[in-house]
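Chain letters run A, B, ... following the sequence lines, proteins first and then strands; every chain starts at 1.
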Amino acid sequence: MSKLQPVRGTADLLPDVMAQHRLVIDTARRTTARYGFQEMATPIFEFSEVFSRPLGESSDIVTKENYSFADRGGEMLTLRPENTAGVVRAMISGGLTQSLPLKYFYAGPMFRYERPQKGRMRQFHQIGIEYLGPTDALADAEVISAGARLLAELGVLDQCVLHLNSLGDAASRAAYRAALVAFLQADESRLSDDSKRRLAMNPLRILDSKDPGDRDILQSAPQLQDYLNAESKAHFSALTTALDTAGVAWMFDPLLVRGLDYYCHTAFEFVTDALGTQGTVLGGGRYDGLAEMLGGPAVAGVGWAAGIERLAMLAGAKTPTAPTAPKVAVLSTDADADIAAFRLAEMLRDAGIDIDFPTTGSIGKKLKKAARAEIKLAIILGGDELVKNNVQLRNLADGTQSEVMMDDLADVVAAALLAP
RNA sequence: GCGGGUGUAGCUCAGUUGGUUAGAGCGCCAGUUUGUGGCACUGGAGGUCGCCGGUUCGAAACCGGUCACUCGCCCCA
């Protein structure tokens, strides 16, 4: 902490960037509400076990990736690395399993203790939805459609490809996993060092290894879809039929996997190549096993999450952010008029008009700054105007100026703002 | 946790084989204009050259360490 700087992997959201985030969040709230998802929030930290229990063997995540600490009472807490576990925990602790199905939308900061890189901060922000209760493939279809609709609303859907895969149910996955491990063990010596480790820890992850040698071996590896039982095949085909009906374009991606045991059936990601290595813009899937792993009843669930920073980078480039700064400024010409100008600014704000009221500099400086801030109308008030009970109303776009009586001012300004 | 690249003014960057007061553009402040903006001109403020140590008569420059940023790997719930 030698210099005063933000904690590694965190960043300030100044108004320019904040406006982009607002756009993403507001669009997502509106779009998911069209599907009946309602906004809720969970705490940004939980007992560590909420996040560690569902993870099983993937020790890297717990020890390396979680932002965990002990509080003063000695409780181990973790800043939420994602929101699904928290939402499911809220469902269990709140007894909400009595009111299924639940459709939730959330937005907020998440934390992972990782080496920062493009689009991966230690504090980042996500939006997401969770659909709790239904096991039907049509629920998956609604969730995916809501994601596609959000991307379309943001104007970025055409830069994304929907990758879709089925992991099958627990029995199908166990059978495939055994077959894959057997196949890879035969060639273990040729695997990359990373994949040798994955073979013991999380073999499905080898499927999306970036190592060329691994990819070569995988050419003849057993295929996940060949191990799906009838029920799993039916779920997937019902989903793809629904997506086709809704006009949601998708691409079958047999290498798209989820390593954790509570995942099943649907896995999907909207991927772009416009953001470097971190190409997933919005991703999710079905997690029917999660609630039980957290110690609750067996409640199915399906959902997705999306990084606000990544969406803002994509959408911000093409969607001009709505300027929220005032378009009208009240400028006093000298100190004697300041208090009257302040009162005038308040009166106009009472009338519902956004007012900028600069307090420093000469009238020339105030006008200069107002012009630079893209103020449309300057209301100039000085000794002469106080005597005559009027103001100078100057249009900074065309340089025209007129006298307006104080009593008419609010109406005149409101009308002028409506003009183009 | 591992590897590559980069750290000079608020921002974008120059800075010669190591040489004395470290520069530019933009931005900021002020003046030309004591009640009227954009342009122009003039002036000004602002830098422990990321930090610590070493080599040297002399370091922004060379060496080591460290911190930060950045790109990638691991991981990605």
Checklist line | H265(A) and H235(A) aromatic ring geometry - parallel, tilted or perpendicular at 30°/60° bounds | finding: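 Rings of H235(A) and H265(A): parallel, under 30°.
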Check: Salt-bridged, E374(A) to K327(A), with N to O below 4.0 Å?
Finding: no
Note to self: Whether R120(A) and E114(A) form a salt bridge (side-chain N of Lys/Arg under 4.0 Å from carboxylate O of Asp/Glu) is what I want to check.
What the structure shows: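 Salt bridge flag = yes for R120(A) with E114(A).
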Note to self: What is the distance, to the nearest angstrom, from the CG atom on L290(A) to the P atom on A77(B)?
What the structure shows: 13 Å
Check: Looking across every strand, which nucleic acid part, if any, lies under 4.0 Å from R8(A) by heavy atom: base, sugar-phosphate, or nothing?
Finding: sugar-phosphate
Next item on the list: For P81(A), answer base if it contacts any base atom (sugar-phosphate contacts may also be present), sugar-phosphate if it contacts only those atoms, and nothing otherwise; contact means non-hydrogen atoms under 4.0 Å.
Entry: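 P81(A): base contact, heavy atoms under 4.0 Å.
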Item checked: Under-3.5 Å donor-acceptor pair between K210(A) side chain and C73(B) base ->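 Between C73(B) and K210(A), which were checked side chain against base, a qualifying N/O pair under 3.5 Å is absent.
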Check: Between the side-chain atoms of R120(A) and the base atoms of C75(B), is any donor-acceptor pair under 3.5 Å?
Finding: yes
Check: Which residue pairs pass the side chain to side chain donor-acceptor pair (under 3.5 Å) test with at least one member in residues 360-371 of chain A, sequence neighbours excluded?
Finding: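 Sorted pair list comes back empty.
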Note to self: Return whichever of P116(A) or Y262(A) has its heavy-atom-nearest nucleotide of RNA chain B closer to the 5' end.
What the structure shows: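 This one resolves to P116(A).
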Checklist line | F105(A) ring center within less than 6.0 Å of F37(A) ring center | finding: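 For F37(A) and F105(A), the ring centres are not under 6.0 Å apart.
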Margin query: Let's see if you can work this out: which of C76(B), C74(B), A77(B) has an atom nearest to the side-chain heavy atoms of N202(A)?
Written below: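 It is C76(B).
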Item checked: Pair pattern of RNA chain B in dot-bracket, where unpaired bases get dots and | marks partners in another strand, Watson-Crick or G-U under 3.5 angstrom -> (((((((..((((.....[...)))).(((((.......))))).....(((((..]....))))))))))))....
Margin query: I'd like to compare against my own output: the B/S/- annotation of nucleotides 28-39 of chain B with a strict under-4.0 Å heavy-atom distance to protein.
Written below: SSS----BBBB-
Next item on the list: Decide side chain to side chain contact (heavy atoms under 4.5 Å, CB included) for I379(A) and L331(A); before the verdict, give the C-alpha distance in whole Å, the side-chain angles of both, and the deciding distance to 0.1 Å.
Entry: CA-CA 6 Å; I379(A) 295 163; L331(A) 311 177; over 6 Å; no
Check: So, is R198(A) near the phosphate of C74(B), with a side-chain N or O under 4.0 Å from OP1 or OP2?
Finding: yes
